[in-house]
Structure formats: C-alpha cells, structure tokens
Amino acid sequence: MKYRKRIYYSESQKSLMWERWRQGATLHQIAALFDRSHTSVQGILARHGGIRPPDRRRAASALTLGEREEVSRALVEGQSIRSIAARLGRAPSTVSREVKRNGGADDYRAGLADEAAWDRALRPKRCKLAENRPLAKLVTEKLRQSWSPEQIAGWLKHTYPSDQGRQVSHETIYRSLFIQARGALKRELLQHLRRTRGMRRSRHHTQKTETHGQIVGAVSISERPASVEDRAVPGIGKATCYLAAATARSPHWSSARRGTRRW
C-alpha cells in the first residue's frame, strides 16, 4: 500500500498562511504559494477553526537559553546551586527546580531543558464557557433557537448587566464552536448558525475572485469554425434540419406537436 509523504510547514510558512487567510485569500490561492495541495493548508487552518492562534512568547520570569547554558557549565565545574543562583541573579529555589526537573546535576543539558520548558508551557487557558457550564447551557439553548452569537452576547449583557458570570462575548462563542478542542460547545450547534461552515472566514473573504462565474475552457465566438459562415440560415444546426425534414414527411406529426388534431 502506497502512503503519501507527510507535509511539514515551518513557523514562517504557517505565519504567511494565517496572514493570507486574514486578508481573505482562498485555500487554493494560499496553497499555490507553496506549490502544495489546498488540503494540506486546510489541515493547518481547520485545526484551529480558521482562527489564528496567538503567537507564543516566553514568560519574562522564565529562564532563557543563555541562563540554562550558564547553569550547565557551572554544574560541570562543580559549583553549588546557591553560587549558580547568585551568579544569575535568580532565587536558589528557581535553579534547584530547574535542575531537578531536567535530569539532575549529572544529566542536565541546556538545550534539552530549554525544549522541555517550551513544551511544558503549551497549556492553553480554559475558556469561559468550558469553566462556566450554566452559562454554556444558556448559550446552547439560544443557539438551538437559531440566535446568532451577536444576539446572544447582546441579550446576556442586557439581561444580566451586573453579573459578569452570565456574560460572554460573541467572539468567545464563535471560538468555542469552531475550536472543538476547547470542549465548551458541541459541534452540532454549527448547523444553527446563519452560515454553516466548518471554519471561521475572514471578513475580507469573498467568492468574487478573478475566475468567479467564468466558464472553464470557454471558447470565444470569434474562434468559431469557418463552416458556420457557409450556412444559408444562421442558427440552423443538425437538430433543426432533422426537425424540418420530419415535418415535411409527416404533416400529422407537425399538427400533433402544436396540440391540434388534423383529419
């Protein structure tokens, strides 16, 4: 069985995808930039519901790669945790936890520790509807009544003006619908939206592209064959000639086609 080669995109390529998606480009237009199939681009965008995820940044309090390299060199030299912490201007407990969670003093490696810290930081915050189930139930009921997220957000703000626990923005509702990983709203509720689609579209998106409404492979009338010019009556083709011949052979058939009866 033949398997297709897995396609990987770099972070810069993904950033370009999201930028073009925000500008309203189609999947085919974006895929043409990388000479790939549109399905490979769709997989990247659909994973986040067509909504660009926020750029990841390191916390200001986290150890940098340079500091971890200093820790690694100091451990090889046999320095104590307190001396390393004083050298970096960090608390001894910070350096101690860093070393313990990454193999200890004997197996600590700065590069591996930095990658592990980056992976551990990938813990997205739970959205409001996932934590507030009564609010999620209320939103679900309104969606099933074909209310739009904008209507729901406005109604909640008007009905519960002083209760922030019963208010939610329309953008949060959209994100909870399109990003199923949040676990807040069921995907079946998408069918109650005004536009039932699987991904969020940009406000700049339009179907009126350069090729919209055009016939693929159309031939201009100026390129019609020369034999057409030789016809005595313009517009008469084989079907018309056949009908005229049949009428001449059988007058009764012609009268019947007109809905009259001839005796």
Side-chain angles (χ1 to χ4, degrees), residues 9 11 13-31 38-61 119-213:
Y9 291 98
E11 293 300 324
Q13 289 176 323
K14 292 180 182 179
S15 179
L16 180 58
M17 283 183 196
W18 286 112
E19 182 61 25
R20 293 302 177 90
W21 184 253
R22 185 188 66 81
Q23 295 173 359
T26 64
L27 292 174
H28 289 83
Q29 291 172 338
I30 299 174
H38 74 282
T39 55
S40 65
V41 175
Q42 184 180 17
I44 300 295
L45 302 180
R47 193 176 306 155
H48 301 280
I51 303 172
R52 182 172 186 169
D55 295 333
R56 296 187 61 191
R57 297 182 178 88
R58 292 183 183 271
S61 59
D119 293 338
R120 285 194 299 268
L122 189 60
R123 295 194 297 266
K125 180 182 178 182
R126 294 192 70 193
C127 68
K128 188 173 185 178
L129 292 177
E131 294 182 343
N132 192 335
R133 299 313 300 172
L135 178 60
K137 183 178 179 181
L138 187 58
V139 171
T140 298
E141 292 175 355
K142 294 301 181 182
L143 286 172
R144 286 176 175 166
Q145 296 175 15
S146 298
W147 283 37
S148 69
E150 290 83 358
Q151 289 176 319
I152 297 173
W155 177 79
L156 289 172
K157 188 175 182 179
H158 182 267
T159 307
Y160 308 101
S162 58
D163 188 356
Q164 293 294 327
R166 289 183 176 269
Q167 296 182 23
V168 65
S169 67
H170 68 277
E171 185 63 26
T172 299
I173 299 176
Y174 276 119
R175 288 177 179 269
S176 300
L177 286 171
F178 288 111
I179 306 177
Q180 288 296 299
R182 289 188 165 203
L185 300 175
K186 294 183 179 180
R187 192 173 185 83
E188 64 184 26
L189 296 173
L190 284 171
Q191 64 183 351
H192 296 285
L193 294 179
R194 306 294 170 83
R195 296 181 179 180
T196 55
R197 56 169 63 103
M199 289 194 301
R200 186 78 180 274
R201 284 286 189 181
S202 168
R203 67 180 64 181
H204 304 294
H205 173 74
T206 177
Q207 292 184 345
K208 296 181 180 179
T209 58
E210 296 179 355
T211 59
H212 180 73

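- Side-chain N/O atoms of S15 and R52 include a donor and acceptor closer than 3.5 Å.
- Between P161 and H158, the shortest heavy-atom contact is CD-O, 3.7 Å.
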(request) Just do the side-chain contact (heavy atoms from CB on, under 4.5 Å) check on D163 and L156 with the steps written out, would you? (result) CA-CA 9 Å; D163 188 356; L156 289 172; over 6 Å; no
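- Annotation: salt bridge (Lys or Arg N to Asp or Glu O under 4.0 Å) contacts involving residues 138-148, sequence neighbours excluded, comprise R144-E188.
- The closest donor-acceptor contact from the side chain of W21 to the backbone of G50 lies under 3.5 Å.
- Listed by chain and residue number, Q167 satisfy the side-chain contact (heavy atoms from CB on, under 4.5 Å) test with K157 (two or more places apart in sequence, or in another chain).
- Between K14 and I44, the closest side-chain pair of non-hydrogen atoms falls below 4.5 Å.
- Put simply, CZ on R20 and CG on L45 are 13.0 Å apart, with the number rounded to the nearest 0.5 Å.
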(message) I'd like to know whether L185 forms a side-chain contact (heavy atoms from CB on, under 4.5 Å) with L143, so could you lay out the CA-CA distance, the side-chain angles of the two residues, the decisive distance to 0.1 Å, and finally the verdict.
(response) CA-CA 10 Å; L185 300 175; L143 286 172; 4.2 Å; yes
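- Atom OH of Y174 is separated from atom CD of E150 by 3.5 Å, given to the nearest 0.5 angstrom.
- You'll find the side chain of T39 stays beyond 4.5 Å of the side chain of L27, heavy atoms only.
- No side-chain heavy atom of V139 sits under 4.5 Å from any side-chain heavy atom of W147.
- Note on ring orientation: taking the six-membered ring where Trp is involved, the planes of W155 and Y160 are perpendicular (angle over 60°, cut-offs 30° and 60°).
- Counting only heavy atoms from C-beta outward, the side chains of I152 and H170 never approach each other to under 4.5 Å.
- To the nearest 0.5 Å, the span separating OG on S176 from NZ on K128 amounts to 11.5 Å.
- The backbone N or O of S148 sits less than 3.5 Å from a side-chain atom of Q151, completing a donor-acceptor pair.
- In this structure, CD1 on I30 lies 11.5 Å from NE2 on H38, to the nearest 0.5 angstrom.
- Within the 3.5 Å criterion, the main-chain N or O of G165 finds a donor-acceptor partner in the side chain of N132.
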